[in-house]
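What follows is a short report on a single structure.
Remember, it's 1-based here, ligands and their atoms both numbered in the order they're listed.
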Amino acid sequence: MRTHRPLYGLLALAALLSAAESGRAQAPATFTKDIAPILQQNCQSCHRPGQIGPMSLLTYQEARPWARSIKQQVVERNMPPWFIDRHIGIQKFKNDISLTEAQIATISRWVDAGAPEGDPKDAPKARVFDDSDRWHIGKPDVVVTLKKDLIVKAKQPDAWTDLGTEDLGLKTDRYVTAIEIKPIKGFKVIHHATSTLAEPDDEEAMATMKGTSNLEEYAVGKYGNIFPEGTGMLVKAGAKIFVNLHTHAVGEETAGNIAWGLKLLPEGTKPAHVMHSQQLGGPGTDIDIPPNQKNVRVDGYTVFTKPAVITSYQAHMHNRGQAQCVELIYPESTQSRVGNAKTETMSCVDRFKFDWHVSYEYADEVQPIIPAGTILHVISLYDNTAGNKFNPDPSNWIGPGNRTIDEMGFAWIDWYDLTDQEYTQAVANRKTLQKKAGTQTAAR
Ligand code: HEC
């Protein structure tokens, strides 16, 4: 048993030892008291009937047979799906669904004690889920869906399909201040959806059904993205939304469809800052992955020509993706002579899993504020061995390309630009905030 209280000499130590003794004698963790609240908060958004989790974890009867598997999955940090390296880079996110060490320890204790139910009187009230019939961003100004339902056969391998949506119907250029995507049909076959925005004159995007701006992503448990105050993402008149839909067969033929809800600034209004969302730090054609090898490294770079605030990060690789780190290389040297560049790791995804495309949204107070000239350095690692369960053929050489069996290696970054004056002010504000909190946060 650990205590976070300061210790005052031997007396405190004695007290601590006896607390440890009584800790051992204490009743074990029970489902109703200790486990149900964790499952409600971190698991049931996916693990309930009709959702993508392979089993429901709403009740003790449903969870009990999975106890060993639950322990294994949470101890290995495969579940909930959240793959940020916890030892380096920014650690505060708006959409963090990961468990704390204490929660993982509680689950382990519960399973090791035989997964007891406990007193039904301790059980929390069942959580109410209203995500299917509610827009969490508020009433959208525009709602579009897929042109027609996507039919997922009773039995078929996981599929990643590119599709277009209905026309957005925008007659003039507009700015999006919030966006949400959700399945409206066949929840359980829709694993996730990444959507992109294509400008009306982008012929390549129209042909490949892949836009060049990252729009918004759907994965269960995510309830829309409200852009920071004073920002908006430009959607040109005639722009199109494309989506890459990851579907999962569930044993019966199921029709799936999803809807996008967009909140817009009034016609003719511009936000103070335009949000950008782009693939950055891609290595271009420099991808050369030999067969049967892992830890194959590929680097890519993007220069920010203006000061900026980075608001989110998502690693993008394909079947052979293993891990990715994003580093910021600042233009100022740490020495007056020609010398070391000042660098800082923004984030690492230490275990990339091709079936989860999580967008990691930085908490306001840790969003990197970067000067003009900062280089975003993306380091991607690939695993082209049989040990990678998403690898369809480890004996193949892999090069760059759009297909999931070819590779990519970039970071989807959301950011907005600042003027020099705004930059100076933002850095000063951040420093004051850090001083107040008495902490040093990563990335300025
Ligand atoms: C965002 C959705 C989501 C959340 C949140 C989530 N899971 Fe899962 N879980 C899944 C999916 C989907 C699978 C199937 C495997 C995969 O796709 O990774 C899965 C698989 C599992 C498995 C393995 C089942 C098997 O077939 O062996 C366990 C155990 C599990 N989850 C437990 C949990 C627990 C416990 C939590 C919360 C602490 C949790 N999950 C949170 C979606 C989720």
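Remark: R64 is not positioned above the aromatic ring of F31, lacking an NZ or CZ atom under 6.0 angstrom from the ring centre and at most 45 degrees off the axis. Taking the ring axis of W135 as reference, the NZ or CZ atom of K182 stays within 45° of it and closer than 6.0 Å to the ring centre.
Within the 4.0 Å heavy-atom criterion, neither part of H248 lies near ligand 1.
In this structure, Q72 has no heavy atom closer than 4.0 Å to ligand 1. Distances shorter than 4.0 angstrom do not occur between any heavy atom of Q103 and any atom of ligand 1.
A salt bridge (charged side-chain N to carboxylate O under 4.0 Å, His left out) check over residues 378-393, counting only residues at least two apart or in different chains, returns nothing.
Here the shortest heavy-atom distance to atom 22 (C) of ligand 1, taken over K353, H246, M55, Q40, belongs to M55. Closest heavy-atom approach to atom 8 (Fe) of ligand 1 among the candidates H47, Q51, Q41: H47. Closest heavy-atom approach to atom 14 (C) of ligand 1 among the candidates G53, S45, P54: P54.
In this structure, Y360 has its ring center no closer than 6.0 Å to that of W412. A centroid separation of less than 6.0 Å is found between the aromatic rings of F93 and Y362.
Look at C43 and atom 8 (Fe) of ligand 1: no N/O/S atom of the residue is under 2.8 Å from the metal. With 2.8 Å as the limit, Q73 does not count as an N, O or S neighbour of atom 8 (Fe) of ligand 1.
Within ligand 1, the atoms closer than 4.0 Å to a non-hydrogen atom of D355 are 16 (C), 17 (O), 18 (O), numbered from 1 in the order shown. Proximity to H191 (heavy-atom distance under 4.0 Å) selects the following atoms of ligand 1: 12 (C), 17 (O). Set against the non-hydrogen atoms of N42, the atoms of ligand 1 under 4.0 Å away are 5 (C), 37 (C), 41 (C). Listed by atom number, the atoms of ligand 1 under 4.0 Å from I52 heavy atoms are 12 (C).
With sequence neighbours excluded, the residues that form a salt bridge (Lys or Arg N to Asp or Glu O under 4.0 Å) with R297 are D299.
Some N or O of W356 is nearer than 3.5 Å to an N or O of ligand 1, by distance alone.
We find that D355 and K353 are not joined by a salt bridge, their nearest charged nitrogen and carboxylate oxygen being 4.0 Å or further apart. Contact check on R351 versus E76 returns no salt bridge, with no Lys/Arg side-chain nitrogen under 4.0 Å from an Asp/Glu carboxylate oxygen.
Remark: the backbone N or O of R68 is not paired with any side-chain donor or acceptor of Q72 at under 3.5 angstrom.
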